[in-house]
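Data block below; observations after.
We name chains A, B, ... by the order of the sequence lines, and we start the count at 1 in each one. When reading the values below, keep in mind they use all heavy atoms of this one structure, side chains included, and skip hydrogens, waters and symmetry mates.
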Protein chains: 4
Amino acid sequence: MHAAATHADSRNPDRRDSVDLNSDLGEGFGQWTLGDDDALLDVVTSANVACGFHAGDAAIMRRVCDRAARTEVAIGAQVGYRDLPGFGRRFIDVEPAALTQDVIYQVGALEAFARVAGSRVRYVKPHGALYNAIVAHEEQAAAVVRAVVDYDRSLPVLGLPGSAWLRLAGEAGLTTVAEAFADRAYTPDGTLVSRRLPGAVLHDPAEIARRCVAMAAGEPISDVDGGPLVLAPDSICVHGDTPGAVAIARGVREALTAAGVTLRAFAG
Amino acid sequence: MHAAATHADSRNPDRRDSVDLNSDLGEGFGQWTLGDDDALLDVVTSANVACGFHAGDAAIMRRVCDRAARTEVAIGAQVGYRDLPGFGRRFIDVEPAALTQDVIYQVGALEAFARVAGSRVRYVKPHGALYNAIVAHEEQAAAVVRAVVDYDRSLPVLGLPGSAWLRLAGEAGLTTVAEAFADRAYTPDGTLVSRRLPGAVLHDPAEIARRCVAMAAGEPISDVDGGPLVLAPDSICVHGDTPGAVAIARGVREALTAAGVTLRAFAG
Amino acid sequence: MHAAATHADSRNPDRRDSVDLNSDLGEGFGQWTLGDDDALLDVVTSANVACGFHAGDAAIMRRVCDRAARTEVAIGAQVGYRDLPGFGRRFIDVEPAALTQDVIYQVGALEAFARVAGSRVRYVKPHGALYNAIVAHEEQAAAVVRAVVDYDRSLPVLGLPGSAWLRLAGEAGLTTVAEAFADRAYTPDGTLVSRRLPGAVLHDPAEIARRCVAMAAGEPISDVDGGPLVLAPDSICVHGDTPGAVAIARGVREALTAAGVTLRAFAG
Amino acid sequence: MHAAATHADSRNPDRRDSVDLNSDLGEGFGQWTLGDDDALLDVVTSANVACGFHAGDAAIMRRVCDRAARTEVAIGAQVGYRDLPGFGRRFIDVEPAALTQDVIYQVGALEAFARVAGSRVRYVKPHGALYNAIVAHEEQAAAVVRAVVDYDRSLPVLGLPGSAWLRLAGEAGLTTVAEAFADRAYTPDGTLVSRRLPGAVLHDPAEIARRCVAMAAGEPISDVDGGPLVLAPDSICVHGDTPGAVAIARGVREALTAAGVTLRAFAG
């Protein structure tokens with residue numbers, strides 16, 4: 001779906017008339033909360049809902065799915081390693097066959113809540129260390145692709161442009177959706193600046209909003225060296241795990257709307 | 001479905017032309033195994049597959065569902081408390097609303113594997129302490145009923161005759177299926193003899209097989225006091241967690257077949 | 001230790017020259033936080049540190065123990081049911097023998113961090129549903145007592161006056177420490193007003209502080225019906241799981257100090 | 001301690017008058033069992049007891065420690081990644097600081113049971129993927145060393161000769177104990193043949209026993225290419241997770257005893 005012709009106009013093939021905003025939701029667990037799910041559901045068009053392996057539990061999934069269905073936000077499966085203590089942020093060397101089943105399990109559990117809410121799971125987006133691993137880890141990337149193929153090959157998959165994950169998914173016939181990050185700096189070749197480097201994460205709400213408008217318009221943003229970089233994502237990822245983050249996400253939405261960009265889920 | 005007229009013939013309204021054999025499967029976890037799933041899948045007509053909360057994991061669920069689908073054994077959701085260290089055998093005072101979501105989560109996860117295998121979840125049977133609790137605990141019984149109603153009200157539920165669980169399920173319009181236990185002693189009023197009492201569990205394979213044939217024929221078995229007791233279950237539960245148990249289950253199947261009783265899943 | 005003569009003066013046998021302030025700490029898990037541990041460690045004299053079964057993890061325990069040792073706050077083991085999803089707030093019908101080992105495990109894990117920090121575990125206080133259960137559940141109360149007896153019979157135990165827990169602990173020769181709650185309403189006979197009833201939890205910081213000063217002075221507070229009630233606890237429990245709660249706890253400390261009551265851990 | 005002079009005689013510096021036999025124990029969980037702990041405790045001199053992160057639970061730890069103390073088997077902490085579903089056999093990229101605390105937690109929990117049984121934790125041996133990782137992963141190896149240094153620098157550590165783990169432990173002043181595997185093939189340079197290669201695991205009880213006697217005598221065994229290899233371990237690791245394995249372990253013990261080698265724990 002990346003750079004798909006249907007999204008472009010004649011003047012700029014990278015311009016989108018509409019773009020998706022996605023964010024991680026339902027990342028609490030039991031007594032513990034993380035982020036403001038309700039606030040974010042008024043901002044985004046796609047909700048990556050944690051499925052209980054690295055965050056989330058049944059009660060949270062039920063509540064988020066119910067509200068997402070009411071507000072017509074697309075429900076996606078935020079699948080991850082089985083690692084609650086590590087919040088899915090630590091690479092685990094799971095055998096590929098086991099990883100495939102772990103992903104199917106998570107998608108199935110979420111599907112139940114989505115269906116009960118009158119909706120269904122619309123896409124799959126890996127989380128945390130799994131997201132990062134399958135940028136390059138071919139076996140694990142293939143294992144997650146296999147899970148989606150086994151479960152429902154009509155499900156789009158969301159991820160990083162250039163990743164093994166999206167490449168293998170595409171080769172398997174899945175619909176791939178490329179995302180950009182609203183608040184992350186990019187290298188000149190379009191990869192993310194490592195979080196360990198200064199300047200990796202942007203904090204100025206106005207700058208972040210401007211960059212998102214540029215991305216949606218198919219216009220260049222500044223890479224970390226100040227050069228022009230065209231990203232043209234199908235979806236923009238915003239965060240909501242702090243009060244400031246929700247305000248930034250809201251600013252992105254308002255700026256896109258003001259610029260005439262329709263906010264629309266990529267999967268419907 | 002208990003004592004349903006369609007199962008009876010003109011001579012004995014409790015006689016069944018066919019009966020279901022159900023057993024707990026997929027009760028290992030990670031490196032640990034419990035019971036012989038493959039052997040049991042050649043014996044039973046309905047497999048109560050553990051869903052990961054008290055036993056079972058994604059890899060085991062995948063394997064059991066794949067094989068159950070191939071051998072045309074009906075897949076049921078063996079739902080339980082979230083208690084791996086206790087194997088679901090300890091009552092947990094979960095709030096009813098949370099219990100409802102926990103059950104939906106488990107059924108959904110299993111559904112994914114059943115669908116991938118070309119089948120689907122055919123029924124729900126609570127496990128262990130949850131099974132026992134909802135014999136009398138009205139709130140928890142209602143919570144599990146609510147889960148099935150929310151998820152799919154066409155799913156039959158399997159349980160103990162006389163339980164709040166089956167009563168409330170019936171009142172909610174669900175199809176209820178009554179089971180008897182092949183190897184358990186019964187009191188004169190048809191309840192189970194407590195496991196804490198001597199003689200609660202039968203061990204003689206021949207006696208167990210004879211009792212099952214009697215149950216299916218609508219004929220009385222001996223209760224713990226020696227009096228006659230007609231059970232007439234829709235399904236008979238056999239165990240498979242020891243090598244001896246598998247042999248007993250096999251003996252039950254052979255005796256029923258020899259007696260002209262068709263073994264058939266109650267849900268298809 | 002309740003109403004111990006060494007704490008009384010000649011005018012009022014219930015007056016304490018010193019009192020302990022205890023609070024629950026270290027109740028986050030992995031990525032999730034709960035309460036402001038650092039702020040509370042400047043307020044309380046005894047820290048009930050969660051040990052990983054219902055909350056807390058190794059990294060949190062290390063950090064809390066290190067800081068508690070530096071600030072000379074007594075480290076106590078906040079032991080609970082093994083129930084992270086339920087935060088230990090759901091009764092679990094664990095067999096007593098298993099419960100004994102679960103408690104020993106938790107105390108031992110915390111002891112390691114206390115020792116590494118140059119301190120040691122000074123007392124045991126059950127948490128949540130376990131705290132409530134052993135007010136009346138004799139078998140579970142005896143199981144927790146047994147854990148302390150097996151582990152180290154010199155460890156004091158903290159709990160509710162009148163509970164089976166403190167009674168059995170006393171009978172077993174353990175030092176028992178009675179606590180009162182700073183922000184809870186009491187019935188005329190000195191038991192807690194159920195949280196389900198209106199007025200069970202007090203919210204006015206000034207009133208809470210006044211009541212704590214009265215408790216320490218051995219003077220009556222008002223019970224829920226307005227009558228006088230003398231509690232005379234050895235320790236007062238304050239909460240810290242919200243910003244407002246920390247402010248209330250700080251107010252209690254300041255009021256006690258202003259009234260000339262020394263704040264001192266009951267266990268040293 | 002490797003090749004320590006006190007273990008050698010004048011004829012062969014690699015000859016040991018005594019050797020330790022160690023094995024993994026307590027690796028069940030809840031309802032699930034693995035191996036025959038009681039049988040192994042009659043064979044080995046050192047028990048690597050699982051501490052609940054990848055296997056084991058409080059009840060199992062209590063039982064194994066009680067029996068180990070009675071039979072005078074040294075209790076060691078079998079520490080691993082926090083990964084019950086993976087049995088600790090999957091590398092997890094835990095941050096070193098978190099790994100240090102995870103190890104301290106496990107050792108502390110086991111210490112409680114060892115003390116209650118009248119003994120104490122005598123050594124630390126990492127398990128599974130952690131064992132393998134810290135052969136070469138310097139940061140994780142240092143993190144585990146740090147845990148032992150923080151907890152009790154008098155505790156010996158058991159591991160693979162040539163590993164970063166033993167090297168860093170030695171540099172930190174810890175006592176290091178080198179082990180060999182009774183049933184594994186070795187390369188000419190003394191490293192283990194990968195389990196993925198044929199012949200990596202030996203199955204012939206007589207051959208395994210002969211090799212162990214040779215190891216203890218400081219005499220060469222055959223490497224995988226047939227050449228002579230002197231291992232001279234301080235401890236020999238035997239397995240017990242299958243009935244056959246227990247018989248092999250028993251055979252090793254009998255052969256060593258028959259050869260005049262005293263079986264003695266390295267840590268007392």
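Of all residues spanning residues 99-118 of chain D, none has a heavy atom less than 4.5 Å away from chain B's heavy atoms. Listed in order of number, the residues of residues 82-92 of chain D that approach chain B to under 4.5 Å between heavy atoms are D/L84, D/P85, D/F87, D/R89. Contacts with chain B (heavy atom to heavy atom, under 4.5 Å) involve these residues of residues 23-36 of chain D, listed by number: D/E27, D/G28, D/F29, D/G30, D/Q31, D/W32, D/T33, D/L34. Close approach to chain B, defined as a heavy atom under 4.5 Å from one of its heavy atoms, is seen in no residue of residues 120-147 of chain D.
Counting only distance, with no hydrogens or angles, the side chain of B/T45 and the backbone of B/L21 share a donor-acceptor pair below 3.5 Å. Without hydrogens or angle criteria, D/D183 side chain to D/L202 main chain gives no donor-acceptor distance under 3.5 Å. A donor-acceptor pair under 3.5 Å is formed between the side chain of D/T71 and the backbone N or O of D/R67.
Summarising the geometry, atom CD1 belonging to D/I75 is positioned 11.5 Å from atom CG belonging to D/N48; distances are rounded to the nearest 0.5 Å.
The two residues D/I208 and D/A182 make their nearest non-hydrogen contact at CG2-O, 3.4 Å. The minimum heavy-atom distance between B/S194 and B/A200, with the atom names listed, is O-CB, 3.1 Å. The two residues B/P233 and B/I236 make their nearest non-hydrogen contact at CG-CG1, 3.9 Å. Closest heavy-atom contact between B/A50 and B/M61: O-CG, 3.4 Å. Across B/S235 and B/D20, no two heavy atoms sit closer than the pair OG-OD2, 2.5 Å. When every heavy atom of B/G199 is checked against every heavy atom of B/A185, the shortest pair comes out as O-CB, 3.2 Å.
With contacts defined as side-chain heavy-atom distances shorter than 4.5 Å, the pair B/L160/B/E179 does not qualify. Between B/D57 and B/I60 there is a side-chain heavy-atom pair separated by less than 4.5 Å. Under the 4.5 Å side-chain criterion, counting only non-hydrogen atoms from C-beta, D/V224 is not in contact with D/L197. Residues B/Y186 and B/L192 form a side-chain contact, since some pair of their non-hydrogen atoms from C-beta on lies under 4.5 Å apart.
With hydrogens and angles left out, the side-chain atoms of B/N22 and B/S46 include no donor and acceptor closer than 3.5 Å.
Of the atoms belonging to D/A59, not a single heavy atom falls under 4.5 Å from chain B.
For the pair D/R62 and D/D66, the salt-bridge criterion is met [side-chain N within less than 4.0 Å of a carboxylate O].
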